[in-house]
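Since the model is a prediction, treat every value here as computed from it, not as a measurement. Values reported hereafter were calculated over all heavy atoms of this structure, with side chains retained and with hydrogens, waters and symmetry mates removed.
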Amino acid sequence: MSLPPCFALATEAAAACPLVVLDRSHYPAWRDAQTPAVQAWLDAHHFNGSGGSFLMVPSRDGTPAFVVVAINDAGDPLALAHLPTLLPAGVYGLSPDSPVAVDASLLLLGWGLGAYRFDRYLKSPKPLARLALESADFENVAAFALLKASILVRDLVNTPTEHMGPEELEAVAIRLAQAYGGQLRSIVGDELLAQNFPTIHAVGRASHRAPRLIELSWGDEAHPHVVIVGKGVCFDTGGLDIKTHDGMRNMKKDMGGGAHALALAQLVMARKLPIRMTVLVPAVENAISGNAFRPGEVIVTRQGLSVEIDNTDAEGRLVLCDALAYAAEKKPALILDFATLTGAARVALGPDLPALFCNDEALAADYLAAGERQRDRLWRMPLWRPYLSYLRSGIADLANGGPSRMAGCITAALYLERFVPDSQPWAHVDVYAWNDSERPGKPAGGEAQGLRAAFELLKVKFPAH
Ligand code: BES
Ligand code: ZN
Ligand code: ZN
């Protein structure tokens, strides 16, 4: 990836306008050390160092001298993420005289996240405030890899389905495999039936764009094996149990789990984690046509359990169950999955907090702690087995839904759990992958959520020796 337009090279740092970072507690002493003219300017703007506020301070000739920025939490990468869109276009750099030390990596990440716009279809994107990087070797900075991975999620989710169908998602995986020395194999169309992935085929068969299971492998055979699975429903109409117009409006994002899986893979490969990795993305369009799968149908899944289709809109768990069964056949050290699986997860936790489900206490604790450290939090939800009764079928081992509207994200996770052996460490994240509104560092549209947490988890669980 070349340098995103919101950054300037270190060589431009000399001409950069300094960013003086402080917090409320440091403000009074810092103010007192300024010239009377600067003090008067600060007071005239009622600047008081409260977190989130900033002020451009001019020199005597009226040109910008520096920008004073007040933050609440120096460990939050988004603390300065509002600046790139609010400051005038120009080059900025962290002032070494800042009363509060800000980690250059966090600043880089936050600046990049805040500057992001999905401009693929825009004629002339607006010029941006640019941050002068400290290192010319930006490609090897860990924060840059995190930024790049988050941007990948956003771009993939924001791209409309016509340009991000199953085949285009596969092309992204091919590009990643080529860039980092991975192998790619895809099982496409009727071959899914021949190779026993009946649920992926059933959900995807009604689209003119062939369903597929994308499989990316990378790493040294001697390292512990991690399988990363992501829901790749490139558009979810709901199938025959068709969604309402507002329910369908943003369903280009229903491959958000797959986008997280591919972005996590990119991070693992770019940072050369000592693991062997398999990424599985069942990529389909849940479309409607004469051959669409129907409510009431029974599908015998890869793993052998039969599933009665209660609702064709509960398609995520269907494409995932065959992918998870296949993942478990490999007996890896760990399976992680990401999916925009239920609306219920959003009702329970809101749009910003991904729901974590995990069959292993230590793994869950590590995942949550990784999220805390990365300021990329998840919330654990229970795999409360009694609620499996909501997925009873009269004629099959399991149903993919039921009449109850209760505990929707838990029943979805319980459904997935049936396809993972008890002894297999597994974590499932039900993620929204979207910002409904514009906030600092969180532009409206596709969003990576729990991605930094997942990468941090892998780093902690599989440390380099
Ligand atoms: N893709 C949706 C879930 C979704 C909806 C995620 C809105 C984020 C925002 C999923 O395929 C779905 O439709 N789930 C149903 C399941 C139900 C029919 C059992 C749901 O959550 O309502
Ligand atoms: Zn659905
Ligand atoms: Zn869906």
Side-chain angles (χ1 to χ4, degrees), residues 113 116 118 120 148-166 168-170 172-173 176 200 203-204 214 216 228-238 243 247-267 279-286 313-320 323-324 336-357 371 376 378 408-409 412-413 416 427-437 442-455:
L113 291 173
Y116 174 90
F118 182 62
R120 173 169 172 169
K148 209 167 132 171
S150 299
I151 289 176
L152 179 64
V153 173
R154 290 174 175 183
D155 281 346
L156 296 184
V157 171
N158 285 331
T159 303
T161 306
E162 193 62 23
H163 293 153
M164 193 48 67
E168 289 81 4
L169 202 54
E170 180 190 332
V172 173
L176 285 181
I200 301 175
V203 173
I214 303 165
L216 165 66
I228 302 166
V229 184
K231 171 178 172 181
V233 176
C234 295
F235 196 84
D236 184 8
T237 63
K243 285 185 181 292
M248 205 186 298
R249 178 62 181 87
N250 287 336
M251 281 299 124
K252 69 173 183 183
K253 82 175 172 79
D254 213 19
M255 34 55 73
H260 278 73
L262 291 172
L264 182 57
Q266 177 176 279
L267 270 167
V279 182
L280 298 174
V281 179
V284 303
E285 255 195 89
N286 188 18
D313 199 7
E315 86 298 338
R317 63 196 76 181
L318 292 172
V319 298
L320 286 174
L324 284 172
L336 300 181
D337 84 65
F338 302 88
T340 51
L341 199 60
T342 67
R346 268 50 282 163
V347 176
L349 295 177
D352 297 334
L353 202 48
L356 172 69
F357 296 86
D376 188 26
L378 304 103
C409 63
L416 297 182
H428 153 63
V429 176
D430 194 332
V431 63
Y432 193 56
W434 192 261
N435 294 319
D436 288 315
S437 63
K442 297 176 190 281
E447 184 62 293
Q449 297 174 325
L451 177 65
R452 299 197 304 273
F455 181 60

Spell out, as yes or no, whether a donor-acceptor pair under 3.5 Å connects the side chain of [X] to the backbone of [Y].
X    : Y    : result
Q449 : P351 : yes
N158 : G445 : no
T161 : K252 : no

- So, D236 and K253, do they make that salt bridge, N to O below 4.0 Å? no
- Do you know which of V319, V172, I214 makes side chain to side chain contact (heavy atoms under 4.5 Å, CB included) with V281? I214
Gap separating the [atom1] atom of [X] from the [atom2] atom of [Y], nearest 0.5 angstrom:
X    : Y    : atom1 : atom2 : answer
D430 : R346 : CG    : CZ    : 5.0 Å
L324 : R317 : CG    : CZ    : 13.0 Å
L113 : S150 : CG    : OG    : 5.0 Å
M255 : T159 : CE    : OG1   : 7.5 Å

So which atom in [X] and which in [Y] form the shortest heavy-atom distance, rounded to 0.1 Å?
X    : Y    : result
T342 : G408 : CG2-O, 3.7 Å
G446 : V157 : CA-CG1, 3.5 Å
A427 : L356 : CB-CD1, 4.0 Å
A323 : P282 : CB-CG, 4.1 Å
V429 : P354 : CG1-CB, 3.6 Å
G230 : L320 : C-CD2, 4.2 Å

With sequence neighbours left out, write down each residue that passes side chain to side chain contact (heavy atoms under 4.5 Å, CB included) with [X], or none if nothing qualifies.
X    : result
A454 : L264, F338, Y367
D155 : Y116, F118, I151
L353 : L349, R377, W379

- Task: List in chain and number order the residues that pass salt bridge (Lys or Arg N to Asp or Glu O under 4.0 Å) with D376, two or more places apart in sequence or in another chain; answer none if no residue qualifies.
- Result: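 By the salt bridge (Lys or Arg N to Asp or Glu O under 4.0 Å) rule, D376 matches no residue at all.
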- With sequence neighbours left out, write down each residue that passes salt bridge (Lys or Arg N to Asp or Glu O under 4.0 Å) with D352, or none if nothing qualifies.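 D352 satisfies salt bridge (Lys or Arg N to Asp or Glu O under 4.0 Å) with R439 once adjacent residues are dropped.
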Can you list everything that forms a side-chain hydrogen bond (donor to acceptor under 3.5 Å, both in side chains) with [X]? Sequence neighbours excluded, please.
X    : answer
E168 : R209
D337 : W426, H428
E447 : R154, N435
D254 : K231, T340

- H260 side chain near I228 side chain, heavy-atom distance below 4.5 Å: no
- Query: Under 4.5 Å between any side-chain heavy atoms of V279 and L176, yes or no?
  - Reply: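 No, too far: nothing below the 4.5 Å cut-off.
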- Task: Give the C-alpha distance, both sets of side-chain angles, the deciding distance and a yes or no for side chain to side chain contact (heavy atoms under 4.5 Å, CB included) between M251 and T237.
- Result: CA-CA 7 Å; M251 281 299 124; T237 63; over 6 Å; no
- Task: Output all residues satisfying ring pair (Phe, Tyr, Trp, His ring centres under 6.0 Å) with F235, sequence neighbours left out; order by chain, then residue number.
- Result: none
